[in-house]
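This is a predicted model, so every value here is computed, not measured.
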Amino acid sequence: MLTKDQESLIDATAPVVAEHLDTITSRFYPLMFSRYPEVSVLFNAAHQADGAQPQALAGAVLAYVQLRREPARARQVLATVVSKHVSLGIRPDQYPIVGECLMAAIGEVLGDAVTPDIADAWGALYEELAGLLIELEDHRYHEFAQREGGWRGTRTFRIDATRQESSVIRSFVLVPKDGKPVADFTPGQYIGVRLMIDGVPVYRHYSLSASPNGERYRLSIKREPEGRVSRHLHDVLGVGDTLELLPPAGELTLEEGDAPLMLISGGVGQTPMLPLAAQALEQGREVVYLHAAQERAQHAFAEELASLKAAYPERLTCAVVYERAETGNTEADHVGRLDRELLARYLPAGQPHCFFVGPQGFMTAMDQSLISLGVDEDHRHYEHFGPSRPLDAR
């Protein structure tokens, strides 16, 4: 626990640290990977290269500095960090590594401005944050392990079936190798995946794209041309191969109530929307489902949406937008971009909750359009496939 003097030092130096935090976090990761190369497998190199991971760390540190005196609010804000950590199986013994390297990076960037007292204060702040994250993550691990079909750590699953959903998206149906039940998850969540490529473990997380059923999970993964893991899954793995799963996590879930929903997706961002739509329709709620794809060949899950529409014709409205359409193709409801005008046309009356997932630029555009349409912040819900960062980040 921080002393009053340390709290005063944090308050006094926070503006300086905030000013240099992007530089600090950018220095932190190379430093940590050089000192502790074994932890580098937990991080996606692409998110290091584009700055997403350092931005996410900087955002979490700043959020905690600002909210640490409001414990309930701090826990709420840190929920996304906790979910990402759960999907990676982060352990308490890994936190000292981060603390050591973060303080070293602060020292390198700020130099002599970091006196021993200031270093002690920020070190104590990190220990406080780490302790809170460890507590919240342990609660998640324990709660999931206690469910029927739950587990702690990793569990081996076998690929039972695959299906090519579009030219770039393939679904993998996974069943537990031990043949026992699998725990349900909350629709909208994702799950951590650990697999070996060339003898090296790699970690990713993917949305669970089908409703929970106690027997299997489904992951629907886009093949990225430069994606080492997605290419391995598409090009190398098949029925009978195995991989390890970590507990499901994620905050893109429905709140209780009967408010209508607007589900908006771009590309593979559709994957968490499918179970969300099914859950909401089962609850008797009105659902508007908007999906943007580049072209017909990349449009996945059309048959699943058609089945939901047939089952709930009065409560489900679906529309698909192709950025480009083939001559004579009438499958798209609209051609061009999913923009404010289209959102306004389909936005349900009342106070709908709007969920949107897709590429960074897509989500930024959706958020700005929904703001202009009067949708309140607590009714706009989104989630990044990678590290969280502000929607206006580029």
Donor-acceptor pair between Tyr203 and Arg194 side chains, under 3.5 angstrom: yes
From CD1 (Ile10) to CD1 (Ile118), nearest 0.5 Å: 9.0 Å
Distance-minimising heavy-atom pair for Cys354 and Leu347: SG-CD1, 3.8 Å
Pair Gln298, Ser167: side-chain N/O donor-acceptor within cut-off below 3.5 Å: no
Ring-ring centroid check Tyr190 Tyr206, cutoff 6.0 Å: no
hydrophobic_cluster_shared for Leu246 and Val182, side chain cutoff 4.5 Å: no
Shortest non-hydrogen contact from Val335 toward Glu323: CG1-O, 4.2 Å
Main-chain N/O of Leu342 paired with Asp339 side-chain donor or acceptor, under 3.5 Å: yes
Val17 reachable from Leu2 in the ILVMFWY side-chain graph, under 4.5 Å edges: yes
Derivation of the side-chain contact (heavy atoms from CB on, under 4.5 Å) call for Leu195 and Val193: CA-CA 7 Å; Leu195 64 160; Val193 176; 3.7 Å; yes
Exam field: side chain Gln270 to backbone Ala300, donor-acceptor pair closer than 3.5 Å: yes
Between His291 and Tyr322, a side-chain donor and acceptor under 3.5 Å: no
More than 12 heavy atoms from other groups under 6.0 Å of CD on Glu377: no
Check: Arg68 and Leu132 side chains under 4.5 Å, non-hydrogen atoms: no
Straight-line distance of Thr23 OG1 to Ile106 CD1, nearest 0.5 Å: 12.0 Å
Straight-line distance of Gln6 CD to Lys4 NZ, nearest 0.5 Å: 12.5 Å
Pair Arg163 + Glu303: basic N to acidic O under 4.0 Å: yes
Glu295 and Arg324 ion-paired at < 4.0 Å: yes
Side chains of Glu282 and Tyr312, donor plus acceptor under 3.5 Å: no
Close side-chain approach of Leu263 to Leu290, heavy-atom, < 4.5 Å: no
Ser209 OG to Leu219 CG distance, which is reported to the nearest 0.5 Å: 6.5 Å
Gly250 to Ser83 - nearest heavy-atom pair and separation: N-OG, 3.2 Å
Leu245 side chain reached by Thr154 side chain, heavy atoms, under 4.5 Å: no
Beyond-backbone contact of Leu254 with Gln279, side-chain heavy atoms, under 4.5 angstrom: yes
Flag, side chain of Arg380 to backbone of Leu370, donor-acceptor distance under 3.5 Å: no
Gln189 side chain to Thr186 backbone, donor-acceptor under 3.5 Å: yes
Salt bridge (Lys or Arg N to Asp or Glu O under 4.0 Å) assessment of Asp138 paired with Arg91: CA-CA 9 Å; Asp138 185 69; Arg91 306 186 310 268; over 6 Å; no
Short side-chain donor-acceptor distance under 3.5 Å, Ser372 and Arg340: yes
N/O donor-acceptor pair under 3.5 Å between Thr25 side chain and Asp22 backbone: yes
Glu137 with Arg152: basic N within carboxylate O range, under 4.0 Å: no
Audit row: Val321, Asp333, side-chain contact (heavy atoms from CB on, under 4.5 Å) steps and yes/no: CA-CA 6 Å; Val321 182; Asp333 298 287; over 6 Å; no
Side-chain heavy atoms of Leu174 within contact of Arg158, under 4.5 Å: no
Ile221 backbone acceptor or donor facing His234 side chain under 3.5 Å: yes
Donor-acceptor pair between Tyr95 and Glu100 side chains, under 3.5 angstrom: no
Audit row: Arg140, Glu251, salt bridge (Lys or Arg N to Asp or Glu O under 4.0 Å) steps and yes/no: CA-CA 13 Å; Arg140 294 271 196 98; Glu251 312 305 311; 2.9 Å; yes
side-chain contact (heavy atoms from CB on, under 4.5 Å) between Thr156 and Leu243, worked out: CA-CA 6 Å; Thr156 302; Leu243 44 75; over 6 Å; no
4.5 Å side-chain heavy-atom contact, Leu237 and Ile159: yes
Single hit among Phe356, Phe362, Tyr346 for side-chain contact (heavy atoms from CB on, under 4.5 Å) with Leu338: Phe362
Working for salt bridge (Lys or Arg N to Asp or Glu O under 4.0 Å), residues Glu108 and Arg27: CA-CA 9 Å; Glu108 285 189 14; Arg27 178 67 191 114; 2.6 Å; yes
Cluster link Leu88 to Leu208, ILVMFWY, side chain under 4.5 Å: no
Main-chain N/O of Ala259 paired with Arg285 side-chain donor or acceptor, under 3.5 Å: yes
Close aromatic pair by centroid cut-off 6.0 Å: Phe144 and His139: no
Non-hydrogen atoms of His85 and Leu133 that approach each other most closely: CE1-CD1, 4.3 Å
Heavy-atom pair with the smallest gap, counting every atom of Val86 and Tyr141: CA-OH, 3.7 Å
His299 side chain vs Ala293 backbone, donor-acceptor pair below 3.5 Å: no
4.5 Å side-chain heavy-atom contact, Pro176 and Arg155: yes
Shared hydrophobic cluster, Met366 / Leu373 (ILVMFWY, side-chain heavy atoms < 4.5 Å): yes
Side-chain donor/acceptor of Arg231 to backbone N/O of Pro225, under 3.5 Å: yes
Val236 reachable from Val239 in the ILVMFWY side-chain graph, under 4.5 Å edges: no
Basic-acidic side-chain contact under 4.0 Å: Arg75, Glu135: yes
Separation between CG of Leu125 and CD of Glu7, rounded to the nearest 0.5 Å: 9.5 Å
Close side-chain approach of Leu78 and Tyr64, heavy atoms under 4.5 Å: yes
Nearest non-hydrogen partners of Met273 and Ser265, listed with the distance: CG-CB, 4.0 Å
Euclidean distance, Leu274 CG relative to Leu305 CG, rounded to 0.5 Å: 6.0 Å
Residues Leu110, His20; criterion side-chain contact (heavy atoms from CB on, under 4.5 Å); working and verdict: CA-CA 8 Å; Leu110 299 184; His20 295 88; 3.8 Å; yes
Ring centres under 6.0 angstrom apart (Tyr217, Phe157): yes
Donor-acceptor pair, side chain of Ser166 and main chain of Val168, under 3.5 angstrom: yes
